[in-house]
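Below is one structure; the comments refer to it alone.
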Amino acid sequence: MEFTASSANLLKIKADCLILMTNAQIGGALKAHNSELYGELKGLAKTVGFDGKSGSSKTLYTPGLPFPQIILIGVDGTTTRQKRIKAIADAATKAIASNAKKILWVADEISEDSNWQAAMVARNLLYASYKYVKNDKVQPSLLKTLVYWTPSRNVQRAAAAGLDFGAAVGAGMNCARELGNLPANICTPNYLADQARSMASDNSMLECSILNESDMQKLGMGSLLSVAAGTVEPAQFIVMDYRGGAKSEAPIVLIGKAVTFDSGGISLKPGGGMDEMKFDMCGGASVFGVMQALNSCQLSINVVGLVPAVENMPSGTATRPGDVVTSMSGQTIEVLNTDAEGRLILCDAITYSERFKPRAVIDIATLTGACVMALGKQASGLLSNDQALAEALLTSGTHSGDRAWQLPLWEEYDAQLKSNFADMANIGGREAGTITAACFLARYAKNLPWAHIDIAGTAWLSGAQKGATGRPVPLLMDYLQQSANRSV
Ligand code: BES
Ligand code: MN
Ligand code: ZN
C-alpha cells in the first residue's frame, strides 16, 4: 500500500472514493479551499440527511466529480482522542469495504495534530485491510493507494511523516496478528525462530540469534526449560537486535512471552475454549510486530527483542506440581501450578536481559486470566518498579489509543509467593493474581528499570470476531518513538 500526503487542488486528484470526515456543516478547511465543491457537497449531504453526528455515515454517488463515490463520516462529538480513533477506525473499515483501489481522505478539522491524525488513518487502513487467509477464496483487499489531503504545505509535511509512522505501526500490528492467528501446530517455537531469521535476513538494521535448549542449559535457564519438559517441540530463545541508534546508546529490551500453546501442562486447563491458548504467544508476536515496524520506519533507537518460545504440554516427562527448579538468577522456584508457566519463562529472559545493560526492560505477556477479569478487553495491565517508565508507557497508551492501566506492586502482595521448599512459589493464591504474577517477575528485575504489560485481555478477541488484535504494538511503538526523540 502506498500512502502519500497532498495539498493539491482537490478537484485535480482522481480517486475511486473520497472519505470525508466532517460535521453536518462540511467544515471549514474545505470551504476555504474550494467554495464551489464545498457548496455542492453541503447540498448533497443535506439531501441524503447526513447529520454529521459521531457514528453516522452516508454514501454519495458523484459520477460528475473525479471521485465517483463519497463516504461522509460524522465526527460531531468526537471530543476525546479515543473517540477520534474510533471514528477513524470506523471510516477505515468503510473505506476498505468500498473496494476502492485508490482512496482520497479528507479529515476535516477533527484534530489539530495532523501528524497524529494521519498516522491513525494509515494505521487503521492497514488494520482494516488485514484478512486471515483461511482458504484460497479469500481475496486480499484491493486498496493500493491512499492520498491524504491537507489544506496547506506545512500540514502536508507533518501528515507525510505521520503516514510513514502509522503505516509502520499498522504493518507491525498485522504481523503480530498473523503470528497470533496461526494455529499452534504450525506456529511452533521452531516456526517463530525461522520467522526471526528471515526477518533479520531481509533487514540490514536487524540481526538475530537463536539459543537452543543446550545453550539455555549452559546458561542455567532451568525455569524456562521446565516449561518445555513435557512437549516434543524444542524450546527456542529468540534474540533480535535492532540497531537504529548510536553504538554507545543503551538499548531498550522488549521481552515477549511466546507459549505457542498453553494446555496448562499437568495442571491441565478445562477443555472449553482451550483453542484460544494458541494466542498465548501474542506477547512474543507483539515483539515481532515492533521489530517489523522499526525496520519500516527506521527509528533512531536501539531495541533488543527477546522471545522465549515454548509449548506447555502434559506428558510423562512434564514438570509436576511440587517440582523445584532453579532459575538462571540462582533463585529456586517451587512449581505449585504448571499452568502458571508464563512467569517461569519470563524470569529467565529478564535475567538474560541484564547483559545488554538496558535503559529499560519491558515484558509483554498474556500472563493472567485475572487481568481479563479486572480490566476486560479495554486496557492492558501495567506494573512497574520505575514510576517514570510506567508513566511514559501510560501516556503512550493514551496517545496511541492502545491503553494500559497501572496496578500496584506493593511488597504486601509479594508475601503471597512464600514457599516452604524453595525461594518462592510460582503462584500466590486466589487473590490479586495479576499483581502476584508481576511480583514474581519483579524478583528478577531488581537491578533493572522494568515494566510488565499483561495483555491477557487485549491481545485477542473471542466469539464471532475471534482473532489477534496486534496490541500492544501501537503503545510500544509510540513509547519507542518518544524514547528516540528523547535520546537526541
Ligand atoms: N496464559 C494463561 C493466562 C490466560 C488465561 C490468558 C486466560 C488469557 C486468558 C496463563 O499461563 C495462565 O494459565 N495463568 C493462570 C495462572 C494461575 C494458575 C495462577 C491463570 O490466570 O489462571
Ligand atoms: Mn498457563
Ligand atoms: Zn500461559
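Just so we're clear, the structure is a prediction, and the values are computed from it rather than from any experiment.
The backbone N or O of K466 lies less than 3.5 Å from no partner atom in the side chain of S462, so there is not a single donor-acceptor pair. T231 contributes no side-chain N or O that, together with a main-chain N or O of A228, makes up a donor-acceptor pair within less than 3.5 Å. No donor-acceptor pair closer than 3.5 Å links the side chain of N203 to the backbone N or O of M205. Of the possible donor and acceptor atoms, one in the side chain of R343 sits under 3.5 Å from a partner among the backbone N and O of N426. Looking only at distances, a side-chain donor or acceptor of N385 sits under 3.5 Å from a matching main-chain atom of A445. With hydrogens and angles ignored, the 3.5 Å screen pairs a side-chain donor or acceptor of N181 with a backbone N or O of A468. Listed for the S114 side chain is no donor-acceptor partner under 3.5 Å among the backbone atoms of A159. Remark: side-chain polar atoms of D402 are paired, donor with acceptor, to backbone N or O of L475 under 3.5 angstrom. With S54 contributing its side chain and V75 its backbone, the two residues share no donor-acceptor pair below 3.5 Å. T338 places no side-chain N or O within 3.5 Å of a backbone atom of R320 that could act as its donor or acceptor partner.
Ion pairing between a basic and an acidic side chain is recognised when a charged N comes within 4.0 Å of a carboxylate O; R359 and E249 show such pairing. A salt bridge does not link R443 with D423: none of the charged nitrogens is closer than 4.0 Å to a carboxylate oxygen. We find that K86 and D90 are joined by a salt bridge, their nearest charged nitrogen and carboxylate oxygen being less than 4.0 Å apart. E178 and K131 are not joined by a salt bridge, as no carboxylate oxygen comes within less than 4.0 angstrom of a charged side-chain nitrogen. Taking a cutoff of 4.0 Å between a charged side-chain nitrogen and a carboxylate oxygen, K269 and D339 qualify as a salt bridge.
Counting heavy-atom neighbours within 6.0 Å of Q387 CD, excluding the residue itself, gives a total above 12. By the 6.0 Å contact criterion, CZ on F421 is open, its count of non-hydrogen atoms from other residues, nucleotides or ligands being 12 or less.
The shortest side-chain heavy-atom distance between I255 and P308 falls under the 4.5 Å cut-off. Under the 4.5 Å side-chain criterion, counting only non-hydrogen atoms from C-beta, S419 is not in contact with M424. Side-chain atoms of D164 and F3, non-hydrogen and from C-beta on, never get closer than 4.5 Å to each other. The closest side-chain heavy-atom distance from I435 to P408 is below 4.5 Å. In this structure the side chain of E341 never reaches within 4.5 angstrom of the side chain of T319, judged on heavy atoms.
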- prompt: Given the rule in the side chain to side chain donor-acceptor pair (under 3.5 Å) test, do D478 and S396 qualify, once you have shown the distances and angles that lead to the verdict?
  reply: CA-CA 5 Å; D478 189 282; S396 285; 2.8 Å; yes

field: T332 vs T326, side chain to side chain donor-acceptor pair (under 3.5 Å): CA-CA, chis, key distance, verdict
entry: CA-CA 4 Å; T332 58; T326 305; over 6 Å; no

- prompt: Yes or no on side-chain contact (heavy atoms from CB on, under 4.5 Å) for I362 and V253, after CA distance, side-chain angles and deciding distance?
  reply: CA-CA 6 Å; I362 303 163; V253 177; over 6 Å; no

field: salt bridge (Lys or Arg N to Asp or Glu O under 4.0 Å) between K278 and E311, worked out
entry: CA-CA 10 Å; K278 73 170 181 176; E311 186 180 53; over 6 Å; no

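Rounding to the nearest 0.5 Å places CG of D280 at 4.5 Å from CG of D262. In this structure, the separation between CG on N185 and OG1 on T260 is 10.0 Å, given to the nearest 0.5 Å. Between the OG atom of S209 and the CG atom of D241 there is a distance of 8.0 Å, given to the nearest 0.5 Å.
Relative to the six-membered ring of W460, R177 misses at least one condition, a distance below 6.0 Å or an angle of at most 45° to the axis. For R123 and Y127, the positive end is not near the middle of the six-membered ring at less than 6.0 Å and at most 45° from its axis.
Using a 30° and 60° split on the angle between ring planes, Y444 and F440 fall in the tilted class, from 30° to 60°.
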